[in-house]
Protein chains: 4
Amino acid sequence: MLENLKKRVYEQNIALVKHGLVVLTWGNVSAKDPETGLVVIKPSGVPYDTMKAEDMVVIDLDGNVVDGSYRPSSDLPTHLYLYKQYPTLGGVVHTHSAYATAFAQSGREIIAYGTTHADAFYGNVPCARSLTDEEIDEAYEWNTGKVIAEAVTDAEAIPAVLVKNHGVFTWGKTPEKAVENAVTLEEVAKMALFTEQLDPGTPRIKQHLLDKHYFRKHGKNAYYGQK
Amino acid sequence: MLENLKKRVYEQNIALVKHGLVVLTWGNVSAKDPETGLVVIKPSGVPYDTMKAEDMVVIDLDGNVVDGSYRPSSDLPTHLYLYKQYPTLGGVVHTHSAYATAFAQSGREIIAYGTTHADAFYGNVPCARSLTDEEIDEAYEWNTGKVIAEAVTDAEAIPAVLVKNHGVFTWGKTPEKAVENAVTLEEVAKMALFTEQLDPGTPRIKQHLLDKHYFRKHGKNAYYGQK
Amino acid sequence: MLENLKKRVYEQNIALVKHGLVVLTWGNVSAKDPETGLVVIKPSGVPYDTMKAEDMVVIDLDGNVVDGSYRPSSDLPTHLYLYKQYPTLGGVVHTHSAYATAFAQSGREIIAYGTTHADAFYGNVPCARSLTDEEIDEAYEWNTGKVIAEAVTDAEAIPAVLVKNHGVFTWGKTPEKAVENAVTLEEVAKMALFTEQLDPGTPRIKQHLLDKHYFRKHGKNAYYGQK
Amino acid sequence: MLENLKKRVYEQNIALVKHGLVVLTWGNVSAKDPETGLVVIKPSGVPYDTMKAEDMVVIDLDGNVVDGSYRPSSDLPTHLYLYKQYPTLGGVVHTHSAYATAFAQSGREIIAYGTTHADAFYGNVPCARSLTDEEIDEAYEWNTGKVIAEAVTDAEAIPAVLVKNHGVFTWGKTPEKAVENAVTLEEVAKMALFTEQLDPGTPRIKQHLLDKHYFRKHGKNAYYGQK
């Protein structure tokens, strides 16, 4: 069932390791099949070096396991919330990558200081508010999706968010694009920390240059890459 | 004698290198055999790239070499102290991993800033007090175990400690789990440094969220991973 | 057409990845053929792991594609500006390497603090001014070349520049030398950040030592390397 | 001639790359043959990935090339100065490793903050004074040896030095030990920077603990490693 998508989800989970975004089992990638609406996600707590493509779990949008012998990632409800909230998403990624997570731990957004940021994210990457004690107790992972949605103003323009005291979520039209955004997020977080260390008063990139770079790669006038 | 446990201890010593936690010969992993109570540990000062599983040394809890042609790690008495003090331990790890050791050198605990920390450690990771000159002169490595025990309030809930001006010790029910805790400790130390660089006034994670994450992975209501 | 140069340009683009200067597709290397004056450059947005030497694009100095089935890097006009402005150049490199880009984001030059810097760059590495909104709208990549040329005082003596809020360009007599300068630039940017963290008041290297090291490797009295 | 020592010197030059201490060609290892007093050193400016053991150059202590078709490292006179000054040395290493070089650029010694440092260096690692303009003009590399010797109080107890605005030299009884000291120096420099970032007022390790760790590994009462 969905063998090809399982393989892609598996490969993108492994890509997180190769890009240095996860250690141990601290990350997960999911994808939504555009035809059936089913979601494929990494099993919970399975080590990356023994995990196989066939271990991926298939779930419907209500969270029922449709195929697979493992339990899905415990972060599944957050993935599902995002797929329901943003119907065009084809992939979602969760990591604790170190630099971006440091921003999440300090409760700060990542300021757009340069074109590396602007090439992928049309503005600062926001940090979601803390969950209330009630939101933590009731349905923690689902409510994590809810506070993410509160912080996101345009999921297509800024396909990433920091979850306060926790880590990051990124997404995209495909699982490959979602992982690419996770790579970019960590790199711009690192650069932003270094930038502030060089000059804590560094201003944000000016809007005109942010527009130029974002729209060089996105929208109908994009001219980066191959047609 | 204890061939299987020797192999596991060997592999976990090599894992320290693969995870970037040790350079040269600055680290060691031991394990306690649950049936015999014997301890298997890395030999002292043997390079990781020529070391073999059969080079591991077997010691009884009083420190007598029972099997092996090499001298055991000079940190052995600290390992033995911990096994005696905490009978449920199955593995102990010592490293000088850079970020965690920087905390040890500055004599500071590692504050729990996020869920990466809370997933493994139920509270701040403490830093043991300095040994007195007498404690250094008498039985240095044994007394290192003693000051660790003074700093530890619950060895199961926070399976890690910083040894002031020295390095780190972690532990677990198995040597594999002890190494996993060493990996986590270094990663949360790195994130904690970055977090404080972003905002020196960052508050600790709130207790309710720390509870949620710790008990998502530990205890009878845990729901992370496979059953 | 220019098969050998295509191979060298391909290999130097791959070298950027090996040296850790680019992630994803954020970088490009070009070379100018000294006989024909034609330029060979990486195609736009093609992943490094599937790219082949034959995918390189050949362009004349007016930007017309002479050979190749892909569109050239979108940064091509900046490369062409530099080849026209500095006729002795044989290679140009663009990266977003993290430490150097942090200096570019903070709008600061990289101060010459040591001989590592002086061995390659005869003075501070300048940061170009921001482009005006008009310069961004009209011919962004070409005008990037223009502001670079304004900041460069001697392209041979300091073969590198920071582009404000963006990234870095380096160059040399060959694409191999241009990549070597990109490696050096990132390393000296890293060391400069650490140096300022150790002592924000660190003075620049004294001119006499800078002269010694630069001319040990450059000019008619050089005595580093093989004759 | 001295084929075995050439092989060891070659391997230790490659070890510098593997340990991440050098990029491009910025480092060199030499060894002194204890029987003949001849010195074997890396050739100048030869890339590490094409260099072979037979390319090593043999020199007498007056700097005359005795064997080899390449020119020796331009840093040779500094190596020779150290071999003459300290007759027990069997190996010398020069690198521009990033963290240690940052200390050299800021003109600061590396303070002994912990046992990682004390295991190898019996006190702070000093930073040599700047060379005068005359010393730079006359015999730069030889005079670099001279200012190193001025800064060194006990070459055996602290086998490392920072050269101001330049880089590091380490040494030992063998080239292997000299490289090990270069690895340790970079690691303790990194930890020292992080330690100061955590707490700029961190005091030096207390003398009693420094003594304990240094003499655990050195001298007649050492008990670390195998007999």
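So you know, we letter chains A, B, ... as the sequences are listed, proteins then strands, and number each from 1. Values below: every heavy atom of this structure, side chains too, minus hydrogens, waters and symmetry copies.
Relative orientation of the His218(C) and Tyr214(C) rings is parallel, given thresholds of 30° and 60° on the angle between their planes. Ring geometry for His94(C) versus His166(C): interplanar angle over 60°, hence perpendicular rather than tilted (30 to 60°). Ring geometry for Tyr81(D) against Trp142(D) counts as perpendicular: the plane angle is over 60°, on a 0 to 90° scale with 30° as the lower cut.
Test Asn181(D), Leu82(D), Val93(D) against Trp171(D) for side chain to side chain contact (heavy atoms under 4.5 Å, CB included) and you get one pass: Leu82(D).
For Thr115(C), the parts lying under 4.5 angstrom from a heavy atom of chain D are both the backbone and the side chain. Interface residue Glu180(C): backbone and side-chain heavy atoms are both found under 4.5 Å from chain D. Looking at Ile136(D), the atoms closer than 4.5 Å to chain C (heavy atoms on both sides) sit in the backbone and in the side chain alike. For chain D, no part of His117(C) is nearby; none of its heavy atoms comes within less than 4.5 Å. For Thr25(D), the parts lying under 4.5 angstrom from a heavy atom of chain C are both the backbone and the side chain. When heavy atoms are compared at a cutoff of 4.5 Å, Val163(D) does not approach chain C at all. Using a 4.5 Å cut-off between heavy atoms, Asp211(C) makes no contact with chain D at all.
In summary, Asp55(C) and Lys6(C) do not engage in a salt bridge, as defined by a charged side-chain N under 4.0 Å from a carboxylate O. The pair Glu156(C)-Lys173(C) meets the salt-bridge criterion, with a side-chain N (NZ, NE, NH1 or NH2) lying under 4.0 Å from an Asp/Glu carboxylate O.
The shortest distance between side-chain heavy atoms of Leu5(C) and Met56(C) does not fall below 4.5 Å.
Residues of residues 124-132 of chain D lying under 4.5 angstrom from chain C, judged on non-hydrogen atoms, are Leu131(D), Thr132(D) in numerical order.
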